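Reviewing the structure listed below.
Here is how names work: the chains are called A, B, and so on, in the same order as the sequence lines, proteins then strands, and each is numbered from 1. Not measured: the values here are computed from a predicted model.
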2 protein chains.
Amino acid sequence: MKKEYKSEAEFLKDYNPKDFEQLSMTADILLISISDEETNNYRKTNDKMMSILLVKRDDYPFKGKWCLPGGFLNPVGETLEECAKRVLKKETNLQDIYLEQLYTFDNPKRDPRTRVVSTSYMALVDKNKLTDMINENACWFDVVLLEDNKKEVEVTLSNGIDTIHLKIKKVLREKTTDRYDFISENNNEIAFDHDLVIVAGLERLRNKLNYTDIVFNMMPKYFTLGELQKVYEVILNKKLLDPAFRRIIAGKVEKTNKMKTGEGHRPSALFKYKG
Amino acid sequence: MKKEYKSEAEFLKDYNPKDFEQLSMTADILLISISDEETNNYRKTNDKMMSILLVKRDDYPFKGKWCLPGGFLNPVGETLEECAKRVLKKETNLQDIYLEQLYTFDNPKRDPRTRVVSTSYMALVDKNKLTDMINENACWFDVVLLEDNKKEVEVTLSNGIDTIHLKIKKVLREKTTDRYDFISENNNEIAFDHDLVIVAGLERLRNKLNYTDIVFNMMPKYFTLGELQKVYEVILNKKLLDPAFRRIIAGKVEKTNKMKTGEGHRPSALFKYKG
DNA sequence: GTTAGATATTAACAAAATATTAATAAGAGG
DNA sequence: CCTCTTATTAATATTTTGTTAATATCTAAC
């Protein structure tokens, strides 16, 4: 029989959340940076690449597998974003960097322990600004986008020692907005459903590049237009034409009186983000 | 002392989620439609408007307040989207309509009972397609966007009897992507933090209008270009020029041999979504 | 009937944005 | 000083978008 309450306060005094089935939540972070030969200890090319931070699990479940940094939400007073920041600080000592909520993943089978819903965050940083050492179980992996069409996405992650190959099938879900359901075809190459988080994050970054200034979160203070263009090209995975690129970017940056020399060709002007 | 496990299976056998603090989750749905005089029982104008579905709470907390349809996630096997669909079916008997995850709201104080994290979904529908009656505690509210600048958003919701005035302060959070934190300035005009969900949803819809065909989810099968243009104008909250609009939309629709007459002016051709 | 009012539809032109090609600039390194 | 490489910009073609205005065809009022 339902008890009749006379006020919100009276109702709340009686309420016990343990009367209901509950669950756990985590916040996972996709930390993306641009790497080049200076910040890369195994490649000998001059190419820029995207790289993401992975952590090796030293406990069950998925013991020994790589995964995104993440951790359980403390339900007593902590927000998911605070949780994400706490984890990020622990792994990289980074604070005050660009962070945005990406998506909430909730496949009931995504965690073998119990029902765990995960809200993922995307964070962008310029790796070179990382002065402190990152946690010893964490490592940067270069990202190579092998394939990205309407049927599938294929990504290879590599740190020079380990190589992780991710393959995700796309199933058209909604024609009007060209949305797809992503179905992992990986057999525990990476822990949990973090392959889906990575793919969703790379796509979000690619989209935001076109209509925001998000890119400057992963640039150093001073950069040449050539460097900036390479970053765009790496993220978009295609060549851009110089004059077109310069027109688009012109209003966002301002020329400094510094120059970058010693590169074996005509020196280029250094720019900085205007704003 | 930490126990040493030899396999994933052995570890899982010992794992008890109740050893940790847990929480509850809900899925909330922002159902948006376009209303006009035919589907509106109190306005006598010919204008199209956006309208959203609200539900009156008949239990504590927030007893008697309006809120978005939503419900608790069943942690045993139900996904958040399944939960959203279940609630939507209960309130409107609608199935198979456009649904997309909007954002996860997790302010620890958003629910006075206990820690409840809510993942919100946006759903679009053409109200006229609703053949079944909606639940008796549910009601369509017309949406009037009074103000939307870099400092604040103001929205009025009205069903002819009740009027709900929402005011939300914006605080710039991130310059590069022009993102804002939304701070509710409402004193329980609407239950929970559903004012934030509404504002986030309206903004998402406005953005998606520009680069997707999302609008056709709220259109009838056959429509005139004038009607379609009005829907754009209502959502974007501004006038559009005819030839420009027609050029943009031309590739997305196809002319049928039907005409719409009886409107007191030159008849217009009926179009349908191509795809 | 005739005319006014309303929106539909398209033509025509102007302006702005974008794409493309190619010319010129200037340090590094032989 | 010659070649390589990338930087930078000029010049032009093409496409897209903005604007104005002309014409079409219905309903309703007179």
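When each of A:Pro267 and B:Lys230 is assigned the nucleotide of DNA chain C bearing its nearest heavy atom, the one mapping closer to the 5' terminus is B:Lys230. Mapped onto DNA chain D by nearest heavy atom, B:Ala244 and A:Gly226 fall at different nucleotides, with A:Gly226 at the one closer to the 5' end.
Here the P atom of nucleotide D:dA24 and the CG atom of B:Leu225 are 19 Å apart, to the nearest Å. For A:Lys48 and D:dT6, the NZ to P distance is 14 Å, given to the nearest whole Å. Atoms NZ (B:Lys238) and P (D:dG18) sit 9 Å apart, rounded to a whole Å. The nearest whole Å value for the distance from the CE atom in B:Met259 to the P atom in D:dT27 is 11 Å. What separates CG of A:Leu240 from C1' of C:dT18 is a distance of 13 Å, to the nearest Å. B:Ile248 has its CD1 atom 14 Å from the C1' atom of C:dA17, to the nearest Å. What separates CZ of B:Arg247 from C1' of C:dA15 is a distance of 12 Å, to the nearest Å. To the nearest angstrom, P of C:dT10 lies 7 Å from CZ of B:Phe271.
Between the side chains of B:Trp140 and B:Asn159, no donor-acceptor pair is found at a separation under 3.5 Å. Judged purely by distance below 3.5 Å, without hydrogens or angles, the side chains of A:His165 and A:Glu154 pair a donor atom with an acceptor atom.
In this model, no side-chain donor or acceptor of A:Arg266 finds a partner on the base of C:dA26 within 3.5 Å.
In this model, the phosphate group of D:dT8 is approached by a side-chain N or O of A:Arg246 to a distance below 4.0 Å at OP1 or OP2.
Listed nucleotides: C:dT20, D:dG18, D:dT6. Nearest to the side chain of A:Pro243: C:dT20. In the set D:dT9, C:dT20, D:dT19, D:dT9 carries the atom at the smallest distance from any side-chain atom of A:Lys255.
The cationic atom of A:Lys272 (NZ for Lys, CZ for Arg) does not lie both less than 6.0 Å from the six-membered ring centre of A:Tyr222 and within 45° of the ring axis.
One finds no salt bridge joining B:Lys170 and B:Glu147 here, because no Lys/Arg side-chain nitrogen approaches an Asp/Glu carboxylate oxygen to under 4.0 Å.
When heavy atoms are screened at a 4.0 angstrom cut-off, A:Ser268 is found touching the sugar-phosphate backbone but no base atom.
A:Phe105 has its ring centre less than 6.0 Å from the ring centre of A:Tyr103.
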